Amino acid sequence: MTTAIDERLRGAVEAILFVVDTPVPAVTLAELLDVDEVTINEQLHALASEYEQQHRGFTLRPAGEGWRLYTREEYADHVERYVTEGQRARLTQAALETLAVVAYRQPVTRSRISAIRGVSVDGVIRTLLSRGLVAEEGSDPQTGGGLYVTTQLFLEKLGLSSISELPDLAPLLPDVESVLSEDANP
Amino acid sequence: MTTAIDERLRGAVEAILFVVDTPVPAVTLAELLDVDEVTINEQLHALASEYEQQHRGFTLRPAGEGWRLYTREEYADHVERYVTEGQRARLTQAALETLAVVAYRQPVTRSRISAIRGVSVDGVIRTLLSRGLVAEEGSDPQTGGGLYVTTQLFLEKLGLSSISELPDLAPLLPDVESVLSEDANP
Amino acid sequence: MDAGGRATSPLAAPPEDPTAGTAASGDGRFHVTLTNFAGPFDLLLSLISKHKLDVTEIALSQVTDEFISYLEVAGDGLDLGQATEFLVVAATLLDLKAARLLPSAEVEDEDDLAALEARDLLFARLLAYRAFRQAADFLRAHELDQARRFAREVSLEPRFAQALPDVLLGVGVAAFAALAVQALQPREPVEVSTSHLHLPRVSVREHAGILRKRLAGGATTTFRALTSDCSTTLEVVARFLALLDLHTRGSVSLEQLTALGELHVRWTAEEHAAGTDVGQEWDERPDATDHGAVRDDGVEPRPA
């Protein structure tokens with residue numbers, strides 16, 4: 001590749017790749033950054049070989065229909081050690097509460113959970129997904145947002161055989177339903 | 001820092017920072033990679049300035065008690081499209097002012113915050129708790145009231161690495177402290 | 001509202017043209033221009049607190065005049081926060097000034113001393129409050145800064161996700177249900193409640209109509225009688241404003257024999273002379289009805 005790396009363009013491509021965990025098609029980047037696809041492809045290849053030369057901790061590879069950043073193979077052992085040793089086996093309070101919302105309101109969208117919890121739940125949902133306690137199942141016909149449900153593993157962890165065995169909350173949550181549904185339609 | 005960047009160590013540090021979604025303390029990296037903390041700190045600083053020099057799309061910053069990778073500010077407009085909604089709910093002025101009182105007076109009781117703010121802060125404290133920006137830690141030996149402190153997340157959200165980075169309040173508060181502390185023990 | 005008035009103090013100087021140097025300077029904040037001080041209101045407060053400026057030497061009436069003309073310039077762009085802050089600060093300053101101007105002999109009274117201390121304390125609180133507001137500005141700036149940086153937050157690559165240790169919930173079914181109750185409990189809004197501001201809307205025009213009906217016969221009556229059916233103070237006020245309006249139009253004559261005595265009202269106009277727009281200027285503009293700050297339908301839908 002003889003193309004000089006355009007620093008600003010390179011930075012923008014890098015920043016976008018950095019926050020997504022699905023492959024990003026070159027054409028998407030081209031549209032977003034308002035340059036032609038050929039230029040973007042040059043940038044992507046240049047970036048990939050730059051990471052090789054600098055022997056960075058991550059690599060840029062084509063994946064599926066786009067490009068995605070991965071940890072470099074040779075550091076996988078360290079990462080794995082971090083993941084197995086460093087991560088907490090126990091769920092945080094925030095994760096547990098979010099799990100409780102999913103359990104009692106399933107199937108439920110992320111934005112609905114967020115509204116109930118009063119905070120962004122992206123990170124927590126990601127944890128619950130990666131821990132296999134919740135799963136995405138279908139999408140909300142109105143908003144198109146993914147719907148989350150609890151999994152078999154969740155039931156096992158609580159020692160239940162079905163969701164219907166969860167204690168009834170109605171007596172403990174007087175009139176909450178009406179308030180919450182109002183809340184959903186501001 | 002005169003230390004040459006150790007390529008393998010640098011790569012490993014980079015790879016670990018790359019997969020985690022919380023700030024990583026230097027000591028954790030040191031243990032995991034079996035090197036001393038001084039070396040790790042040198043690597044982290046070297047890495048951070050390398051990203052600056054190369055003007056990469058991401059930066060390495062101290063956040064709370066650890067280090068974390070972020071996208072570079074100047075690419076925020078491009079990145080924003082990829083980051084899911086709900087992430088950036090602004091804090092209200094009341095919440096920020098209450099947060100300021102907790103930050104500067106921690107550990108502090110709710111009634112003390114209330115006295116300084118001149119209004120009841122129950123609702124605001126509840127919000128700050130649910131957002132994980134403040135936490136209850138112990139209780140006041142005299143009144144038995146819960147004591148509030150700011151959290152790691154608070155530091156992260158504000159891009160601070162320690163409470164000591166808050167500006168000095170003294171020039172804004174001439175001679176007030178003595179009066180107020182008398183007030184606190186009527 | 002100037003409680004000073006000592007001839008030797010600079011506050012005796014004639015007020016400057018209220019429009020000159022007043023009000024919004026470049027930053028849109030309220031600035032004051034006095035004979036012995038010019039600058040932001042905040043600074044004035046700081047100087048007084050550091051004893052660099054004697055509160056008794058501040059012409060509060062001038063500060064107030066300036067604020068009023070500042071409000072006029074600001075018009076609809078008025079920042080409610082600033083207005084509120086001004087009121088609180090001005091009231092405290094006035095209180096403080098009144099206390100400082102007390103002849104010293106009277107201060108020997110223990111109670112007066114206590115009162116003085118209480119005022120100083122109030123002032124100290126005010127400063128503390130202001131200091132934390134400024135600290136909040138710092139937090140806001142950093143929050144905004146940090147909002148331009150996005151932390152890397154992506155799911156684990158599958159190979160690492162599989163390596164995760166088995167997760168522990170750490171709670172039983174009952175504790176889990178308790179958590180659900182906690183999580184699903186409706187949250188109260190954080191905003192300062194304005195429910196105490198929800199006064200019923202009262203129309204001066206409507207009350208002018210009522211007055212016209214009762215008075216048009218030509219009989220003489222009293223204000224007391226005219227308001228005997230009012231159930232709230234606000235209605236009495238509206239009726240009084242309507243009466244004043246009718247008076248300026250020459251529709252009624254008002255007579256009060258002694259100060260604070262009975263107010264006698266007599267209809268003096270031709271039977272149909274009074275226009276229909278009496279009281280209109282007191283009421284909201286018709287097109288502003290939906291945006292009025294005072295509403296009786298509850299701005300915030302919140303549980304009592």
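Here is how names work: the chains are called A, B, and so on, in the same order as the sequence lines, proteins then strands, and each is numbered from 1. Just so you know, these numbers come straight off a predicted model, no measurement behind them.
The shortest distance between side-chain heavy atoms of C:Phe150 and B:Glu80 falls below 4.5 Å. Annotation: side chain of C:Arg152 is in contact with side chain of B:Phe18 (closest heavy-atom distance under 4.5 Å).
Here B:Phe154 pairs with nothing under the ring-ring contact (aromatic ring centres under 6.0 Å, His included) rule; sequence neighbours left out.
Side chain of C:Gln146 to backbone of B:Glu156: a donor-acceptor contact under 3.5 angstrom is found.
Here B:Gln93 contributes atom CD and C:Asp137 contributes atom CG; the two are 6.5 Å apart, rounded to the nearest 0.5 Å. B:Glu73 contributes atom CD, which lies 4.0 Å from atom CZ of C:Arg149 (distance to the nearest 0.5 angstrom).
The side-chain contact (heavy atoms from CB on, under 4.5 Å) test with C:Phe132 singles out one residue from B:Leu99, B:Val102, B:Val101, B:Leu96, and that residue is B:Val101.
Residues of residues 158-167 of chain B placed with any heavy atom under 4.5 Å of a heavy atom in chain C are listed by number as B:Leu158, B:Gly159, B:Leu160, B:Glu165, B:Leu166, B:Pro167.
Each salt bridge (Lys or Arg N to Asp or Glu O under 4.0 Å) pair with one or both residues in residues 29-41 of chain B, not counting sequence neighbours, would appear here, but there are none. Listed by first then second residue, pairs satisfying salt bridge (Lys or Arg N to Asp or Glu O under 4.0 Å) with a partner in residues 52-65 of chain B read A:Glu14-B:Arg56, A:Glu50-B:Arg56, B:Glu52-B:Arg72, not counting sequence neighbours.
The two atoms that bring C:Ala136 and B:Ala100 nearest to each other are N-CB, 3.9 Å, heavy atoms only.
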